[in-house]
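So the structure is just underneath, and the comments pick up after that.
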Amino acid sequence: MYNSTRSVNVKATAKNAIRKGLADDGGLFVLPNLGEGENLESAAAEGATDTQCCDVLIKLEPQDYLGKSYNEVVKTVFSKLLDDFSSEEINDCIKNAYTGTFENDEVAPVKKVGNMFVLELFHGPTSAFKDVALTMLPQLMSKSLAVSGKKALILTATSGDTGKAAMNGFADVENTAICVYYPHGGVSAVQHMQMATQKGANVDVFAVEGNFDDAQRGVKELFMDEELNAYAAEKGVELSSANSINIGRLMPQIIYYFSSYAQLVKDGQIGDGDKIIFSVPTGNFGDVLAGYYAYLMGLPVEKFIVASNKNDVLDEFIKTGTYDANREFYKTNSPSMDILVSSNLERLLYYASGKNTEKVAGWMQELKENGKYTIDDATKGEISKLFLSGSASEEKTLSTIHEVYQETDYVLDTHSAISYAIAKEYADAGKTVVSLSTASPYKFPQAVMSALGEDITDEWEALEKLKVANSDPCPAALANLKNAEVLHDAVIEKQQMRDTVIAAIDKLAG
Ligand SMILES: *Cc1c(COP(=O)(O)O)cnc(C)c1O
């Protein structure tokens with residue numbers, strides 16, 4: 001049974017947690033039976049009352065992931081974490097999510113680049129790491145809805161990457177539909193065409209006049225619109241989100257930490273049980289948190305490196321214990337990491353504080369009121385044992401892409417370059433470092449080509465040039481994108497968003 005990070009009394013089954021996304025008290029759903037050792041001792045020291053929470057600790061043994069296929073590890077991890085899913089349901093989800101969607105069955109291959117290992121998470125249908133989770137979440141949600149007899153309409157505001165991955169994942173998934181809203185003129189040409197060409201009878205996408213914040217605020221207002229929610233409920237439809245706080249997005253990301261470790265053991269790069277470092281380009285703290293879950297489940301990890309761009313709120317938090325969102329927001333060349341409030345950090349606070357829901361609730365209240373909070377020394381100490389951090393400027397991002405290309409012929413994208421840049425000193429010191437690579441360089445061709453020394457104003461031209469420079473081939477979906485058929489071209493005002501939702505509810509209800 002899951003409970004909220006803010007109260008042990010707010011509980012949900014895995015299926016309900018997936019359907020709801022957020023807990024009723026505003027907290028995030030977590031599993032109390034993860035994380036032994038200091039966590040449990042400090043929980044006891046804090047006088048945690050919910051003793052039964054810690055009865056059955058969820059652990060994987062090395063034989064659960066060493067020498068196993070990617071999907072076998074998914075099956076093992078899901079059957080432990082999603083306990084109200086039957087094994088047939090899990091098999092179904094795996095088949096629908098990962099058959100023929102990724103370039104190879106490994107899903108996430110590891111490559112040696114210089115003295116580092118790069119974990120490529122971008123071989124899915126939209127060429128970004130969000131595919132790993134957003135191909136699976138719709139399957140998990142569909143099974144979760146089947147119990148309730150309800151249908152779900154997913155509403156998502158996007159600055160580019162998430163929208164396409166979510167549309168692709170939900171396309172033609174039973175009992176669901178999705179409406180995506182992006183700022184008109186505010187996404188790249190590649191991102192625009194990726195969304196505008198998405199097939200599926202249950203997907204819709206709209207360019208909204210204004211910037212990303214306008215689109216995001218618009219979606220928030222729709223979720224809070226009581227009349228609209230009542231209208232949907234009458235028709236058996238729930239409004240839902242594909243946000244990365246959903247446990248259905250978190251769980252699929254745990255797998256590649258295990259599978260990459262297993263791959264290094266298989267290749268003789270490390271011995272079974274050796275501790276390694278993972279470096280993770282971080283925005284909403286979802287990806288690195290999934291690594292932490294793998295660690296709690298027994299994966300031998302020495303450190304996680306939280307890698308930020310110029311928006312370095314997390315780097316500062318890991319170093320000082322103070323989270324301060326009162327700062328300037330920068331738009332950078334790694335846009336998927338441009339974020340000031342990293343929602344999933346709340347889950348780390350829960351475990352690192354010894355599962356102290358009262359403390360977590362207090363910090364989140366402070367964040368809401370003052371945009372800022374400071375954790376206590378014990379929690380800070382727990383986090384410091386395992387987490388390192390750093391941030392890289394836009395210039396450093398580009399120079400890293402340049403240097404890695406010069407030295408190894410490998411082309412990193414801007415997000416992956418940040419992780420690589422910050423992890424480099426540890427690899428140079430002889431550590432085994434896996435640097436997570438979250439997007440194909442072909443998704444950000446202008447920035448990447450400028451790093452390689454050519455400033456090109458037309459994105460499609462930059463893509464063509466990158467095809468020549470990069471020995472790794474361009475994914476077919478991106479290579480053919482410029483001339484693909486446009487299926488969605490609606491441009492709307494923010495006030496019209498509500499009408500698009502009503503139309504989508506009517507269509508989904510049938
Ligand atoms: C979303 C995203 C990230 C950040 O991941 P979080 O889970 O939000 O920390 C990094 N890189 C790319 C390319 C992304 O799309």
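One-based numbering, in listed order, for ligands and for the atoms of each. Note that the numbering runs from 1 along the sequence shown for the chain.
Judged by the 6.0 Å and 45° rule, Lys15 forms a cation-pi pair with Phe85. A cation-pi contact, defined as under 6.0 Å to the ring centre and within 45° of the axis, links Lys310 to Tyr330.
A donor atom on one side chain and an acceptor atom on the other are not found under 3.5 Å apart for Thr156 and Thr158. A donor and an acceptor atom, one from each side chain of Thr126 and Asp131, are located under 3.5 Å apart.
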Pairs under 3.5 Å, nitrogen or oxygen of ligand 1 with protein nitrogen or oxygen:
from: ligand 1; atom 1: 7 (O); to: Gly286; atom 2: N; distance (Å): 3.2
from: ligand 1; atom 1: 7 (O); to: Asp287; atom 2: N; distance (Å): 2.9
from: ligand 1; atom 1: 8 (O); to: Asn284; atom 2: N; distance (Å): 2.7
from: ligand 1; atom 1: 9 (O); to: Gly283; atom 2: N; distance (Å): 2.8
from: ligand 1; atom 1: 9 (O); to: Asn284; atom 2: N; distance (Å): 3.2
from: ligand 1; atom 1: 9 (O); to: Phe285; atom 2: N; distance (Å): 3.1
from: ligand 1; atom 1: 11 (N); to: Thr438; atom 2: OG1; distance (Å): 2.8
from: ligand 1; atom 1: 15 (O); to: Lys130; atom 2: NZ; distance (Å): 2.5
from: ligand 1; atom 1: 15 (O); to: Asp161; atom 2: OD2; distance (Å): 3.3
from: ligand 1; atom 1: 15 (O); to: Ser336; atom 2: OG; distance (Å): 3.4

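The side chain to side chain contact (heavy atoms under 4.5 Å, CB included) search around Val219 returns Leu155, Ala157, Tyr181, Phe223, Met497, not counting sequence neighbours.
A donor-acceptor pair is defined here as one N or O able to donate and one able to accept, closer than 3.5 Å; no such pair exists between the side chain of Thr408 and the backbone of Tyr405.
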